[in-house]
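Chain naming here is simple, since letters A, B, ... match the order of the sequence lines and numbering starts at 1 in each. In this text the structure is predicted, and so the values were computed from the model without any measurement.
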Number of protein chains: 2
Amino acid sequence: MNFSQLQSLVALADTGSFTEAAYTINLTQSAVSHALASLESELGVTLLERNRKGVVSLTATGQKIIPHVRALLAQAESIEQEARVAQGKASGKVRLGSINSIIPPRSACQSTDQFSTELSRHGGSIVRGGHAGSWRLDRG
Amino acid sequence: MNFSQLQSLVALADTGSFTEAAYTINLTQSAVSHALASLESELGVTLLERNRKGVVSLTATGQKIIPHVRALLAQAESIEQEARVAQGKASGKVRLGSINSIIPPRSACQSTDQFSTELSRHGGSIVRGGHAGSWRLDRG
DNA sequence: CTCGCTTACGGACACCGTAAACATA
DNA sequence: TATGTTTACGGTGTCCGTAAGCGAG
């Protein structure tokens, strides 16, 4: 059991597709397929129903364990966050509008790419694309 | 960040020694040293105060993150446990005397090795040595 | 055909053990 | 000396990408 496997599982649960899941966690379909196969093998259970049409759904077992997986990954985030705080770096997950000083003018933010470009002028950078108006930021 | 690194950290916090920590998680001193060094490097923080006498103590940062680490590992245990339940396997952590039917006679249990040998005759096996009369068991 | 997942193959690298070096008492 | 941690080196195995295979539409 490793973090890639668990991240793959939640991404699959969220997207319902290996292709989409791979995109959200910056891996290939193949890697996600590998990850889930090995996780299922290791745990000795089937976690996903494969629907041959790109649509996957959690099995009963999958639904049982996924809250634990999300909680585990949340703890991992907390650990990294504590480490960043200890380093004196102010970074983490922000939501548009929550920290005005590092948010570029709306006119320059019609796309994530534009947002990234503008953000770099303020000392920030996008680590990973997010959903629904949120980005993960790192400020060196 | 991986599970070995996190297990090493909690073992170090519990034992205060690389040697003892390595013993409790079935690794060598060297592996534990590697694990913690890489974890500290990855997080960019120092987690342990080295006292050169075999006694180590957590730094302030270490104390901040260790509850998250323990919680994370607990979630991992929950995941494995859910998987075992889904498999229909009755296994987990037991304590000597709690399940009489799979405990060999005391006369045959002067050592962990003898316990293991006897236990195999009853369909059990020792996955990892434990402390204070407890073992982790798997029953196929 | 296209689309999507799986499988085969291989490269890069992470993990961990042995053994030596180093530090403390 | 004895005890305990770190470091150097190397083997084994994991992870993941490319590319081929396969099933469904």
K.L.:
Between A:Tyr23 (OH) and C:dG4 (P), how many Å, whole number?
P.N.:
15 Å
K.L.:
Can you tell me how far apart CD (A:Gln87) and OG1 (B:Thr61) are? Round to the nearest 0.5 Å.
P.N.:
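Between A:Gln87 CD and B:Thr61 OG1, I get 9.5 Å after rounding to 0.5 Å.
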K.L.:
What is the distance, to the nearest angstrom, from the CG atom on B:Leu36 to the C1' atom on D:dG4?
P.N.:
15 Å
K.L.:
What integer distance in Å separates A:Ile25:CD1 from D:dG17:P?
P.N.:
9 Å
K.L.:
May I have the distance from B:Phe18 (atom CZ) to C:dA23 (atom P), rounded to whole angstrom?
P.N.:
16 Å
K.L.:
Distance only, no hydrogens: is a donor on one side chain within 3.5 Å (strictly under) of an acceptor on the other, for B:Gln29 and B:Thr19?
P.N.:
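Distance-only check passes for B:Gln29 and B:Thr19.
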K.L.:
Rounded off to whole Å, could you give me the CZ-to-C1' distance for the B:Phe3 and D:dC15 pair?
P.N.:
15 Å
K.L.:
Can a side-chain donor-acceptor contact be found between A:Arg84 and A:Gln81 if the only test is distance below 3.5 angstrom?
P.N.:
yes
K.L.:
Do the non-hydrogen side-chain atoms of B:Asp14 and B:Arg70 ever get within less than 4.5 Å of each other?
P.N.:
yes
K.L.:
Considering only heavy atoms from C-beta outward, does the side chain of B:Ile65 approach that of B:Leu9 to under 4.5 Å?
P.N.:
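When only atoms from C-beta onward are counted, B:Leu9 and B:Ile65 do touch, with a gap below 4.5 Å.
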K.L.:
What does the B/S/- profile of nucleotides 12-20 of chain C look like, 5' to 3', with a 4.0 Å heavy-atom cutoff to protein?
P.N.:
---SBBB--
K.L.:
Taking only N and O in the side chain of B:Ser17, is any of them less than 4.0 Å away from OP1 or OP2 of D:dG4?
P.N.:
no
K.L.:
In whole angstrom, give the distance that lies between atom CG of A:Leu12 and atom P of C:dG4.
P.N.:
14 Å
K.L.:
Grab the CZ-C1' distance between A:Arg50 and C:dT6 for me, whole Å please.
P.N.:
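A:Arg50 atom CZ is separated from C:dT6 atom C1' by 9 Å.
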K.L.:
Kindly write out the residues that satisfy salt bridge (Lys or Arg N to Asp or Glu O under 4.0 Å) with A:Glu40, not counting sequence neighbours, or none if the list is empty.
P.N.:
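With neighbours one apart ignored, the set is A:Arg50.
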